[in-house]
Amino acid sequence: MKKIKSILNSLNTKIAVVFMLMILATIEIIGAYFTRQLEQSTIESFQTSIQIPTIITNSLATQLSKNTKKADEQLSQIVSNYNNSAISEIIVVDNKDVIRAVSNLNDKSRVGQRATNVGIKQVTSTGRQVTWIDSNNTGSNMVQITPLTVGTGANSTLGAIYVRANMQGVFDNLRNISYMFLTASFAASILSAILALFISRAITKPIEEMRMQALQVADGDYSGQVKIYSNDELGQLAEAFNTLSIRVERSQEQSESERRRLDSVLSHMTDGVIATDRHGNVIILNQMALSFLDIKEKEAVNKPITKILGLADDVSAQELIGNQQEMMITVNEGTPDEMILHASFSLIRRVTGFVSGAVCVLHDVTEQQKNENEQRQFVSNVSHELRTPLTSLHAYIEALNDGAWKDPEIAPQFLEVTQEETERMIRMINDLLSLSRMDRGVAKMDLEWVNFNDFLSHVLNRFDMIVKKDAEKGQEGEKKYSIKRKITNQDLWVEIDTDQMMQVIDNIMNNAIKYSPDGGVITVGLSQSQNQIILSISDQGLGIPKKDLNKIFDRFYRVDKARSREQGGTGLGLAIAKEIVEAHKGRIWADSQEGKGSTFYISLPFEPMSEEDDWDEV
């Protein structure tokens, strides 16, 4: 059993079986196509042979048009005189499906009766020829019904001629041809099997010898040589195998060194890893290093590591490897893909102590550096923002202390400015406390399901009242503006903290009012897209430069610092808005064009609700 299994799994048997199946499949495909074409051609030829000549059909049509007893006799005579051995029955009917003549004398009684054949009715009504093969217990027959027409037009069909021909002989001939083909195919299969065995043996014999020699090489025996039988591809393969055996034996010492080098590289695969030779040229990079440095492997191999890392030209690779110093490397500096990498170096030594290369490990510290920079920037911004009002307070208080409090005109102004600066510092500290709670994740959210259409209308109604009151006051120099609504009529139910979301909308609306020109229009839109609702607030102000769009949500960032500080802004409103929206699993972004205004977008998760949804009773 084991020997039989070995024979079945051998390449010799597989090649023979594949070769035989390929020949057999080819013969069968060709045979199937040939048989199909032969059958189709034979049927078409038979169909042509039973076609009634045009001169006969014209004569029959002429007699049908007369509709007299003599015409019926002429029809019967024409049908009886027509001689075609393949045709077994001919019937002539008029356009009313009445049988006018038959070729079979035994069916004379059917003359004058109405034909019940569906095909005849179809031809007399449509004027188109139909043909089909009728198979039953008595045999196979071809039925062909041809319209008899005179001239052209809607009433040109005078009747039809029904022809039935026996096809049993045709199918018998086709069956005999198929049997002959199957017999020939069987003989060809046996012959191909014998031929396949001989061919596969000739191919696999040198391959089997190479397999045995390969097993010896795997065991460390390089003394054997593969016999070369010919100068074809197999002979060239055998010669190449013999050469390979010799080279493998010579490269054992080099392979051991390469193994140590690769082990050192693999031990640092959690980060970017670059291996060099003793001259500092790159020989191996892992995928993470290629991703960090944004290069392709073929661009880095055999190049100095100093060039790959983007170091200065005066730094040599030998000095870099010899000192094994750590350094910070910036990749894609000044672009959105900027990355800061920490590079550390270690030497690769052989057993003898000879330094054969080095390994550079790259660790991504971009986020860490970014956080440190943000902390330093935040401290600097807070110090700067607090220093300005404190300096102002100090100056006014010092002036009051020097006697300005006695002046009834100056003192109230100084006190008013002092109060405004104090309130601005309180607002800034409250905003900082809010951001701190959000950063620490301790800010509580009172979520509830709200129809956002009604909620937004309620918020905008407050601003409409402000517009109305400002118009009634008619104060000179007061900025005038209008609010335009583009809100969908569909109920949009979202789960939000109404107080926090109102703070977000108020902040963006106030910014739109501040930066809109006198008489400007603020457009508020609300729409639904898939599983998100989109709130947009547009103004007609000066706009935001493209370079500042990605920074406007940073803390203390102002596009126009002087104007923002003059209008009492803390530079934290948009940062708080972003934190609130993201806490609602939403997204906020802005689109702007200088001189044409800005548009702020807020997207929030939305779940469609039907009237049949269950609600808790209160």
Side-chain angles (χ1 to χ4, degrees), residues 336-337 434-435 437-439 441 443-464 483-513 515-516 521-541 543-544 546 548-555 557 559 572-593 596-616:
D337 298 327
S434 297
L435 285 172
R437 286 193 294 268
M438 293 178 187
D439 290 340
K444 295 182 179 180
M445 295 179 61
D446 186 11
L447 298 177
E448 59 179 313
W449 286 100
V450 174
N451 186 342
F452 206 82
N453 306 60
D454 298 339
F455 171 73
L456 181 60
S457 297
H458 171 71
V459 176
L460 296 180
N461 289 338
R462 292 193 296 105
F463 284 95
D464 287 337
I483 299 175
K484 182 179 179 181
R485 307 187 188 193
K486 293 183 178 180
I487 302 176
T488 178
N489 294 326
Q490 179 185 359
D491 290 341
L492 303 176
W493 290 89
V494 293
E495 191 176 19
I496 60 173
D497 184 319
T498 54
D499 291 338
Q500 292 188 8
M501 194 54 61
M502 187 178 297
Q503 180 182 355
V504 173
I505 299 175
D506 284 350
N507 183 279
I508 298 177
M509 286 293 296
N510 286 326
N511 284 345
I513 293 171
Y515 297 106
S516 289
V521 178
I522 299 171
T523 304
V524 180
L526 179 63
S527 61
Q528 182 257 332
S529 175
Q530 296 181 349
N531 294 327
Q532 299 284 326
I533 66 168
I534 307 296
L535 171 63
S536 62
I537 301 175
S538 304
D539 61 53
Q540 297 176 335
I544 302 171
K546 188 174 181 180
D548 295 319
L549 272 178
N550 295 330
K551 303 177 182 178
I552 58 175
F553 296 101
D554 293 347
R555 301 172 186 184
Y557 188 83
V559 178
L572 297 172
L574 290 179
I576 294 175
K578 180 181 179 182
E579 295 287 346
I580 292 175
V581 171
E582 290 181 350
H584 284 78
K585 299 181 180 178
R587 190 166 70 93
I588 182 171
W589 71 98
D591 187 16
S592 181
Q593 187 173 357
K596 295 186 178 180
S598 306
T599 302
F600 283 80
Y601 296 93
I602 298 174
S603 68
L604 295 172
F606 162 67
E607 294 184 8
M609 291 187 178
S610 63
E611 295 181 358
E612 291 78 10
D613 288 339
D614 295 333
W615 292 82
D616 294 335

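Computed from heavy atoms alone, side chains included, the values below leave out hydrogens, waters and symmetry copies.
In this structure, the side chains of L535 and V524 come closer than 4.5 Å at one or more pairs of heavy atoms. You'll find the side chain of S527 reaches within 4.5 Å of the side chain of I534, heavy atoms only. Between S529 and F606 the shortest side-chain heavy-atom distance does not fall below 4.5 Å. Side-chain contact check for H584 versus Q500: some heavy-atom pair is nearer than 4.5 Å. Two residues are said to be in side-chain contact when any heavy atoms from C-beta on lie closer than 4.5 Å; M501 and V459 fail this criterion.
Summarising the geometry of V581 relative to S603, their closest heavy-atom pair is CG1-O, 4.4 Å, with the distance given to 0.1 Å. In plain terms, the two heavy atoms of I487 and S457 that are nearest each other are CD1-OG, 4.4 Å. The nearest pair of heavy atoms linking Q540 to S516 is N-OG, 4.1 Å. Considering all non-hydrogen atoms of both residues, Q490 and N453 come closest at O-ND2, 2.8 Å. Closest non-hydrogen pair, G597 versus S592, comes out as O-OG, 3.1 Å. Nearest approach of I552 to A590, heavy atoms of both residues: CD1-CB, 3.7 Å.
With sequence neighbours left out, D454 forms a salt bridge (Lys or Arg N to Asp or Glu O under 4.0 Å) with no residue at all. N507 meets the side chain to side chain donor-acceptor pair (under 3.5 Å) test with N511; sequence neighbours excluded. For F455, the ring-ring contact (aromatic ring centres under 6.0 Å, His included) partners are F452, not counting sequence neighbours. Partners of R462 by salt bridge (Lys or Arg N to Asp or Glu O under 4.0 Å), not counting sequence neighbours, listed by chain and number: D506. Not counting sequence neighbours, the partners of D464 by the side chain to side chain donor-acceptor pair (under 3.5 Å) test are R485. Take Q593 and apply the side-chain contact (heavy atoms from CB on, under 4.5 Å) test, not counting sequence neighbours, and it matches K596.
Taking CG of L604 as the reference point, atom CG of N531 lies at 13.0 Å (rounded to 0.5 Å). Atom CD1 of I483 and atom OG1 of T523 lie 10.0 Å apart (nearest 0.5 Å). Between I544 atom CD1 and T599 atom OG1 the span is 9.5 Å, to the nearest 0.5 Å. Distance check: D539 CG to I522 CD1 gives 7.0 Å after rounding to the nearest 0.5 Å. Atom CD of residue E448 and atom CH2 of residue W493 lie 10.0 Å apart, to the nearest 0.5 angstrom. Taken to the nearest 0.5 Å, the CD1 atom of I537 stands 11.5 Å off from the OH atom of Y601.
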Practice item. Please lay out, stage by stage, how Q528 and T488 fare under the test side chain to side chain contact (heavy atoms under 4.5 Å, CB included). Key: CA-CA 8 Å; Q528 182 257 332; T488 178; 5.6 Å; no
